[in-house]
Amino acid sequence: MGSVHFLSPKPSKIDKPLFVFLPGMDGTGTLFRSQIERLAPWFDIRCLSLPLTDKTEWQPLTRQVTQLIRQEVAERAPTEQAQKEKALPADNPQPAQSVKRSVYLCGESFGGCLAMQVLTVAPELFDRVILINPASSFRRLPWMRLGPFLTRQLPNLAYRYSSLGMIPFLIEPSRVAKPNRRALEAAMDKVPAATAAWRMELLSRFNVERLPLERMTHPVLLIVGGNDRLLPSNREGKSLVQRFPNAKLTCLPKSGHACLLETETNLQQILNQHQFLPE
């Protein structure tokens, strides 16, 4: 598809809370696959997918994602209400009431920055928020800010080799099974150099200090990799947890930046430990 859209990795479950995953720089949503089976009993999962050539600015991208979530909530809620009404005894009719579907917003790396923008634009949509190694520190790192310029200068073949050279900074190879590592390599290989440069440019202009995080009263869980070689995620997590009024921080001490790909990372278990699963 040529537009921003959601992938539905499992059949829809209108009786479950909606879980919206916003992916990292690859923008595919497919790298969330290792967590889906464990989360599927609890949630109706959607993964955002960005077109390979997408060069949308932050504000319109935020609007598009917000609209997609609104559509998901609007399309499912009437059916859910109808099911509730069917369950009522025939001799005890009750007036129909609007049902607000519970929505969990989860963003990883680049998607963590996008999630914070979507949250502050439409806070009423969400019940809980999960941020995993959000890349909000990118603009404060001088060597990272050179990334867009250098990427644009590379021929396609050189860019492909350089992107594969980033793998050791994204993951701890010994903690990621071969199928997940190959999936990461394939996802990175598909992103054109111009698109990668654009997404890095967006991150270099993302200013988290301007977002009104202090007004977001939602329960927020920040998950960071203690062995992140790409970004200072642990330090950034400590900074962000101070700004959200109702936030928790958990550090995975041995995990790298793309921690969701690691064999030992169980997002469902982490959510359970922090009382973030639906009751």
Inset, instruction - Give a yes or no answer on whether the side chain of Glu108 reaches the backbone of Cys106 with a donor-acceptor pair at less than 3.5 Å. - result: no

Inset, instruction - Indicate if Leu203 and Leu131 have the same hydrophobic cluster label, given that clusters are the connected sets of ILVMFWY residues with side-chain heavy-atom separations under 4.5 angstrom. - result: yes

Inset, instruction - If a pair satisfies side chain to side chain donor-acceptor pair (under 3.5 Å) and one of its residues is in residues 217-226, list it, with sequence neighbours excluded. - result: none

Legend entry - Same cluster (ILVMFWY, side-chain, under 4.5 Å), Val176 and Ile36: no

Inset, instruction - Starting at CG of Leu7, measure out to CZ of Phe21 and round the result to the nearest 0.5 Å. - result: 11.0 Å

Inset, instruction - Give a yes or no on this: more than 12 heavy atoms of other residues, nucleotides or ligands lie within 6.0 Å of atom CD of Glu264. - result: no

Inset, instruction - Would you please name every residue forming a side-chain contact (heavy atoms from CB on, under 4.5 Å) with Pro245, sequence neighbours left out? - result: none

Legend entry - Where His257 and Phe169 come nearest, the two heavy atoms and their spacing: CB-O, 4.2 Å

Legend entry - Pair Glu57 + Arg205: basic N to acidic O under 4.0 Å: yes

Legend entry - Interatomic distance, Asn234 atom CG to Leu252 atom CG [nearest 0.5 angstrom]: 10.0 Å

Legend entry - Which residues share a side-chain contact (heavy atoms from CB on, under 4.5 Å) with Gln59, sequence neighbours left out: Arg63

Inset, instruction - Just jot down the salt bridge (charged side-chain N to carboxylate O under 4.0 Å, His left out) partners of Arg38, sequence neighbours excluded, or say none. - result: none

Legend entry - hydrophobic_cluster_shared for Phe32 and Ile132, side chain cutoff 4.5 Å: yes

Legend entry - Lys/Arg-Asp/Glu bridge criterion (N-O < 4.0 Å) met for Arg46, Glu72: yes

Inset, instruction - Please work out whether the ring planes of Phe19 and Tyr104 are parallel, tilted or perpendicular, with thresholds of 30° and 60°. - result: parallel

Inset, instruction - Write down the atom of Leu222, the atom of Pro134, and the distance for their closest heavy-atom approach. - result: CD2-CG, 4.2 Å

Inset, instruction - Say whether, by atom type as modelled, one donor and one acceptor occur between the side chain of Gln35 and the main chain of Thr265 under 3.5 angstrom. - result: yes

Inset, instruction - Please go through Val121's hydrophobic cluster and name the other residues, only I, L, V, M, F, W, Y counting, with side-chain heavy atoms under 4.5 Å joining them. - result: none

Legend entry - Student check: side-chain heavy atoms of Leu105 and Leu22 closer than 4.5 Å: yes

Legend entry - Ser136 and Glu236: side chain donor to acceptor below 3.5 Å: yes

Legend entry - Heavy-atom pair with the smallest gap, counting every atom of Met216 and Thr120: SD-CA, 4.0 Å

Legend entry - Pairwise distance CG(Leu31) to OG(Ser109) - rounded to 0.5 angstrom: 11.5 Å

Inset, instruction - Look at Lys10 together with Glu37 and state whether they make a salt bridge at an N to O cut-off of under 4.0 Å. - result: yes

Legend entry - Joint cluster assignment, Val241 & Leu271, ILVMFWY side-chain distance < 4.5 Å: no

Legend entry - Shortest non-hydrogen separation from Ala122 to Arg70 and the atoms involved: CB-NH2, 3.6 Å

Legend entry - Min side-chain heavy-atom separation Leu221-Ile270 under 4.5 Å: yes

Legend entry - Within the 6.0 Å centroid threshold, strictly below: Trp198 and Phe110: no

Inset, instruction - Enter the distance from Asn207:CG to Arg140:CZ here, rounded to the nearest 0.5 Å. - result: 8.5 Å

Legend entry - With sequence neighbours excluded, residues passing side-chain contact (heavy atoms from CB on, under 4.5 Å) with Glu214: Arg243

Legend entry - Heavy-atom donor-acceptor pair, Ser12 side chain to Ile14 backbone, under 3.5 Å: no

Legend entry - Within residues 116-136 or reaching into it, pairs that qualify as ring pair (Phe, Tyr, Trp, His ring centres under 6.0 Å) - sequence neighbours excluded: none

Legend entry - ring-ring contact (aromatic ring centres under 6.0 Å, His included) involving Phe244 - partner list, sequence neighbours excluded: none

Legend entry - Straight-line distance of Leu170 CG to Arg229 CZ, nearest 0.5 Å: 10.5 Å

Inset, instruction - With sequence neighbours excluded, tell me which residues meet side-chain hydrogen bond (donor to acceptor under 3.5 Å, both in side chains) with Thr195. - result: none

Inset, instruction - Kindly indicate whether the side chain of Arg175, heavy atoms from C-beta on, has any atom under 4.5 Å from the side chain of Ser255. - result: yes

Inset, instruction - Please name all residues satisfying side-chain contact (heavy atoms from CB on, under 4.5 Å) with Thr53, sequence neighbours left out, ordered by chain then number. - result: none

Legend entry - Leu211 vs Phe206 side-chain heavy atoms within contact, under 4.5 Å: yes

Inset, instruction - Look at atom CD of Glu124 and say whether more than 12 heavy atoms of other residues, nucleotides or ligands are closer to it than 6.0 Å. - result: yes

Legend entry - Test salt bridge (charged side-chain N to carboxylate O under 4.0 Å, His left out) applied to Arg182 - qualifying residues, sequence neighbours left out: none

Inset, instruction - For Lys254, look at atom NZ and say whether over 12 heavy atoms of other residues, nucleotides or ligands are found less than 6.0 Å away. - result: no

Inset, instruction - State, with a plain yes or no, whether a side-chain heavy atom of Ile171 is found less than 4.5 Å away from one of Glu262. - result: no

Inset, instruction - Would you name the heavy atoms of Asp127 and Pro219 that are closest together and state the gap between them? - result: O-CD, 3.3 Å

Inset, instruction - Indicate yes or no: at least one non-hydrogen side-chain atom of Arg181 is less than 4.5 angstrom from one of Pro173. - result: yes

Legend entry - Nearest heavy atoms of Val208 and Met116, plus distance in Å: CG2-SD, 4.0 Å

Inset, instruction - Output all residues satisfying side-chain hydrogen bond (donor to acceptor under 3.5 Å, both in side chains) with Ser233, sequence neighbours left out; order by chain, then residue number. - result: Asn133, Asp228

Legend entry - SB check Glu201 Arg139 (cutoff 4.0 Å): no

Inset, instruction - State yes or no: do Leu184 and Leu260 share one hydrophobic cluster built from I, L, V, M, F, W and Y residues joined by side-chain heavy-atom distances below 4.5 Å, directly or via other members? - result: no

Legend entry - Non-hydrogen side-chain atoms of Val65 and Val20 separated by less than 4.5 Å: no

Inset, instruction - Could you point out which residue of Lys13, Arg101, Lys16 forms a salt bridge (Lys or Arg N to Asp or Glu O under 4.0 Å) with Asp44? - result: Arg101

Legend entry - Gap between atom CG of Asn272 and atom CG of Asn266 - 0.5 Å precision: 9.5 Å

Legend entry - Student check: side-chain heavy atoms of Leu61 and Leu50 closer than 4.5 Å: yes

Inset, instruction - May I ask you to decide if Leu202's main-chain N or O and Trp58's side chain share a donor-acceptor pair within less than 3.5 Å? - result: yes

